[in-house]
Amino acid sequence: MPGLGQLYTGRGVASFLAFAGVGSLAASGVYLLHAADRGYAEYLAVTDPAAADTAYDRVMGRYAGAVTCLVVAGVFWIVNLIDAFKGVQEWNHETLDL
């Protein structure tokens with residue numbers, strides 16, 4: 001879970017930011033993915049070519065936004081893991097003399 005390593009070392013603000021950052025990006029990505037799926041169903045029902053182009057562009061924009069949010073959430077989570085690993089090593093060394 002994002003932020004637990006920071007919480008373990010007593011960095012509450014960093015913990016909250018990691019959890020909120022990854023959570024909000026992932027939730028936004030899932031929301032946009034579902035919105036794109038609904039938009040695609042609407043696109044299939046459109047019969048006017050001009051309206052179909054507009055609906056298609058809207059659906060592709062939502063899919064692109066969803067992929068972007070999910071990729072950034074994954075990168076942010078990996079950065080969070082690296083930060084937590086380094087923070088825990090330093091904390092263990094200072095606190096437990098390991």
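Everything numeric here is computed off the predicted structure, so don't read it as measured data. What's counted below: heavy atoms across the whole structure, side chains too, no hydrogens, waters or symmetry copies.
Residue S24 holds its OG atom at 8.5 Å from CZ of F76, rounded to the nearest 0.5 Å. Atom CZ of residue R38 and atom CG of residue L33 lie 10.0 Å apart, to the nearest 0.5 angstrom. Expressed to the nearest 0.5 Å, how far CG of N92 lies from OH of Y8 amounts to 4.5 Å. Once rounded to the nearest 0.5 Å, the distance linking OG1 of T9 with CD of E94 reads 10.0 Å.
I78 and M1 sit in two unconnected hydrophobic clusters of ILVMFWY residues. Membership requires side-chain heavy atoms under 4.5 Å apart, directly or through other members. Under the 4.5 Å side-chain heavy-atom criterion for grouping Ile, Leu, Val, Met, Phe, Trp and Tyr, V59 is connected to Y56 within one hydrophobic cluster. In the hydrophobic clustering of ILVMFWY residues, with side-chain heavy atoms under 4.5 Å counting as a link, M60 and L32 come out apart.
Taking a cutoff of 4.0 Å between a charged side-chain nitrogen and a carboxylate oxygen, D83 and R11 qualify as a salt bridge.
Between F19 and F16, the ring center distance fails the sub-6.0 Å criterion.
Across every non-hydrogen atom of S15 and G3, the tightest pair is OG-O, 2.7 Å. Smallest separation of non-hydrogen atoms from L70 and A26: CD2-O, 3.9 Å. Nearest heavy atom pair, residue G29 against residue A66, reads O-CB, 3.4 Å. A36 and R62 make their closest contact through CB-CB, 3.6 Å (heavy atoms, listed as atom of the first residue, atom of the second, distance).
When side chains are defined from C-beta on, Q6 counts as touching N80, because their heavy atoms get closer than 4.5 Å.
Side chains of Y63 and D37: a donor on one and an acceptor on the other come within 3.5 Å.
Annotation for W91: atom CH2 counts as buried by contact number, over 12 foreign heavy atoms lying within 6.0 Å.
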